[in-house]
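A short worksheet on the structure shown next.
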Amino acid sequence: MCGIVGYVGTKNSAEILVDGLRKLEYRGYDSAGIAVFENDEIKVCKAKGRLDDLEEKMSVEGVPQGVCGIGHTRWATHGEPSDINSHPHSSKTLSIVHNGIIENYIELKAKLIKKGYVFESQTDTEVVAKLLDYYYDGKPFETIKKVIGAVKGSYALGIIFKDFPNQLFAVRKDSPLIVGVGENENFIASDIPAILKYTNKYYLIDENEIVILTKDNVSILSLDQEAIEKELFTATWDIEAAEKCGYAHFMLKEIFEQPEAWNKTVSPRITDGFPNLDVDSLTDELLKGVEKIHIVACGTAMHAGMVGKNVIESMVRIPTDVCIASEFRYSNPILSKKDLVIIISQSGETADTLAALRLAKQNGVHTLAVVNVVGSSIAREADSVIYTWAGPEIAVASTKAYMVQLSVMYLFALKLALVKGTLSEDKVREYCGALLDIPQKMSDLLEKCEDIKYFSSRFQNAENLFFIGRGLDYALSLEASLKLKEISYIHSEAYAAGELKHGTISLITDNIPVIAIATQENLYEKTISNIKEVATRGAKVLLIVNEAFEVDESIAKYIFKIPTVDAVLMPVLTIIPLQLFAYYTSVLKGCDVDKPRNLAKSVTVE
Ligand code: M6R
């Protein structure tokens with residue numbers, strides 16, 4: 001999971017490449033590099049660290065001058081982050097950038113060493129650079145074709161050949177790649193934000209299509225060298241969507257964008273008061289026949305699925321599993337033709353989630369993807385797709401994508417309940433009305449979250465922290481805990497409140513912070529008992545509670561009240577202060593909020 005860009009045009013390519021890489025840094029940020037044609041020679045500059053480190057190096061060594069080049073921002077898999085392991089990788093005849101993993105690189109490397117090639121890095125990518133050189137016979141298309149026939153794994157490759165100045169070559173399999181089309185300039189990129197400043201017109205490249213770009217021509221060829229006619233898409237995101245627009249961090253901006261994201265995702269899907277998913281392949285007949293649902297996803301998307309399970313089971317009363325995609329794919333899952341597999345993914349390119357989707361399809365089960373990135377692999381391969389309209393999510397920690405994933409869970413559950421008759425029409429209409437009211441309630445709550453900063457200041461020095469809750473509050477705690485861990489590096493665990501006393505309560509000692517969530521009336525008293533159990537053992541408790549409940553203020557050191565909505569919708573509002581809690585804690589600790597250590601946004605490796 002790295003970011004690649006390429007430019008051919010009339011402008012200074014180094015500047016455009018670095019600018020594009022900045023928009024892709026969410027995909028990996030442990031090293032970066034560019035290769036540019038300078039006087040018909042390829043000049044490479046690469047450095048361990050952030051893009052700032054690359055820029056600093058270029059300011060010392062000289063910025064490559066030329067109108068065509070490729071660039072890369074890396075999340076290391078094979079070989080530690082270092083100058084040598086950074087991309088681009090080169091051989092005598094060419095330079096390449098690569099996003100993906102070459103699975104048979106050891107075997108290929110051994111063969112190439114026997115042929116006399118010398119390797120300088122520990123990467124799988126350098127093998128592709130040397131293999132391209134080995135097959136190169138002055139014909140780039142044929143050479144690329146031979147190489148993709150020999151490598152196994154995933155790749156989006158940007159290639160420049162010394163003999164073909166001012167031409168860009170690219171190919172992909174299982175890693176994303178778009179071609180941006182401008183005036184007298186063309187681009188390749190892993191994602192749209194990298195090109196948005198220059199053009200909003202783009203092609204989606206399919207598996208093993210070979211792309212050849214000059215400044216005024218785009219050729220997309222099949223392996224038989226036939227020209228492929230493709231639809232030219234127009235990105236609907238504006239440039240601001242991929243900029244911070246005055247916010248200190250993308251994460252904060254994205255938290256504040258949640259009302260709008262919800263509105264964009266939900267309002268077009270409610271017609272005359274009823275849910276209207278508007279997906280032709282998801283017919284009422286198909287939905288009527290569904291007997292079991294499997295929700296499969298990773299990380300935050302999986303947590304959205306946990307809420308979805310609760311909602312679907314309570315509204316529709318059909319069994320719903322939530323599976324971690326990396327477990328599902330190797331668990332020989334029991335699937336039947338009357339099941340529905342719901343795949344949730346922001347990026348639509350998470351390797352384990354994509355593999356789970358393919359497995360479900362092989363088993364003949366209908367697959368429904370809930371995806372944010374239009375045209376991503378998961379969106380293209382699923383039988384049905386419901387897009388979430390969150391716009392680009394840049395911060396590694398997912399917030400607005402989670403929110404819109406929740407919104408689709410509610411819409412889907414309501415549609416299913418309507419089709420199966422498990423909720424009355426009046427009840428469905430009432431819920432739909434409540435869904436439409438949510439953005440205003442979110443905006444009001446966001447304005448009242450000043451206290452959260454204070455709570456963060458009280459908890460920022462904790463080494464361990466627990467979140468507890470029951471039912472929907474437990475599902476929500478999982479996400480609150482993940483947010484805190486990933487960006488503030490505080491170890492935290494989410495526990496079903498009633499389960500604590502079966503072991504984990506031994507970790508509760510003086511001043512251990514516990515964030516207790518209590519928004520569900522039927523579980524309130526039970527959760528209060530669990531809060532008493534931890535408070536008696538010295539825990540410092542922050543209670544996040546439904547404002548409708550009468551609270552004995554002595555129960556917790558700190559209390560934050562959430563505006564009341566229907567019980568089933570409470571997670572939507574409750575997650576907001578918890579996202580902000582993670583955010584402010586990370587800021588106070590001086591962590592890199594948008595680019596937490598060891599992480600990248602799209603996990604395209606197993
Ligand atoms: O793109 P996806 O939704 O498939 O990504 C799945 C997880 O990697 C992702 O949700 C991750 O857990 C979040 N970035 C955490 O905030």
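Bear in mind that the values here come from a model prediction, so they are computed numbers and not experimental data. Whatever order the structure lists them in is the order used to number ligands and atoms, beginning at 1.
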- Spatial distance of atom NZ (Lys483) from atom OG (Ser492) [nearest 0.5 Å]: 11.0 Å

Considering only distance and modelled atom types, tabulate donor-acceptor pairs under 3.5 Å from the side chains of residues 463-470, sequence neighbours left out.
unit_1 : atom_1 : unit_2 : atom_2 : d
Asn464 : OD1    : His491 : ND1    : 2.8
Arg470 : NE     : Asn530 : OD1    : 3.0
Arg470 : NH2    : Asn530 : OD1    : 2.9

- Item | Heavy-atom nearest neighbour of atom 16 (O) of ligand 1 within options Gln346, Met302, Glu486 | Glu486

- Item | Polar atom proximity, Gln405 to ligand 1 (N or O, under 3.5 Å) | no

- Message: Please list, in number order, the atoms of ligand 1 under 4.0 Å from a heavy atom of Ala301.
- Response: 3 (O), 10 (O)

- Query: Can a donor-acceptor pair be found between the side chains of Ser488 and Ser586 at a distance below 3.5 Å?
  - Reply: no

- Message: With heavy-atom distances below 4.5 Å as the criterion, would you say the side chains of Ile318 and Ile293 are in contact?
- Response: yes

Tabulate below the donor-acceptor pairs under 3.5 Å that side-chain atoms of residues 401-412 make, not counting sequence neighbours, or state none.
unit_1 : atom_1 : unit_2 : atom_2 : d
Ser407 : OG     : Val404 : O      : 2.7
Tyr410 : OH     : Val568 : O      : 2.7

- Residue that, paired with Arg50, satisfies salt bridge (charged side-chain N to carboxylate O under 4.0 Å, His left out) out of Asp30, Asp592, Asp594: Asp592

- For Val396, the ligand 1 atoms whose distance to one of its heavy atoms is below 4.0 Å: 13 (C), 14 (N), 16 (O)

- Item | atom 8 (O) of ligand 1: nearest protein contact (heavy atom, Å) | Val603 CG2, 3.9 Å

- Which of the atoms in ligand 1, numbered in the order shown and given with their element, are less than 4.0 Å from a heavy-atom of Ala397? 16 (O)

- Note on the structure: Nearest non-hydrogen protein atom to atom 5 (O) of ligand 1, with distance, is Thr350 OG1, 3.4 Å

- Task: Do me a favour and list the nearest non-hydrogen protein atom to atom 1 (O) of ligand 1 with residue, atom name and distance?
- Result: Ser347 OG, 2.6 Å

- Does any N/O atom on Thr353 come nearer than 3.5 Å to any N/O atom on ligand 1? no

- Looking at Glu393, His303, Glu254, which hits side-chain hydrogen bond (donor to acceptor under 3.5 Å, both in side chains) with Ser398? Glu393

- Note on the structure: of all protein heavy atoms, closest to atom 7 (C) of ligand 1 is Cys298 O, 3.6 Å

- Query: Relative to the ring of Tyr202, is the ring of Phe233 parallel (under 30°), tilted (30 to 60°) or perpendicular (over 60°)?
  - Reply: parallel

- For atom 10 (O) of ligand 1, find the nearest protein heavy atom and state the residue, atom name and distance (0.1 Å precision). Thr300 N, 3.1 Å

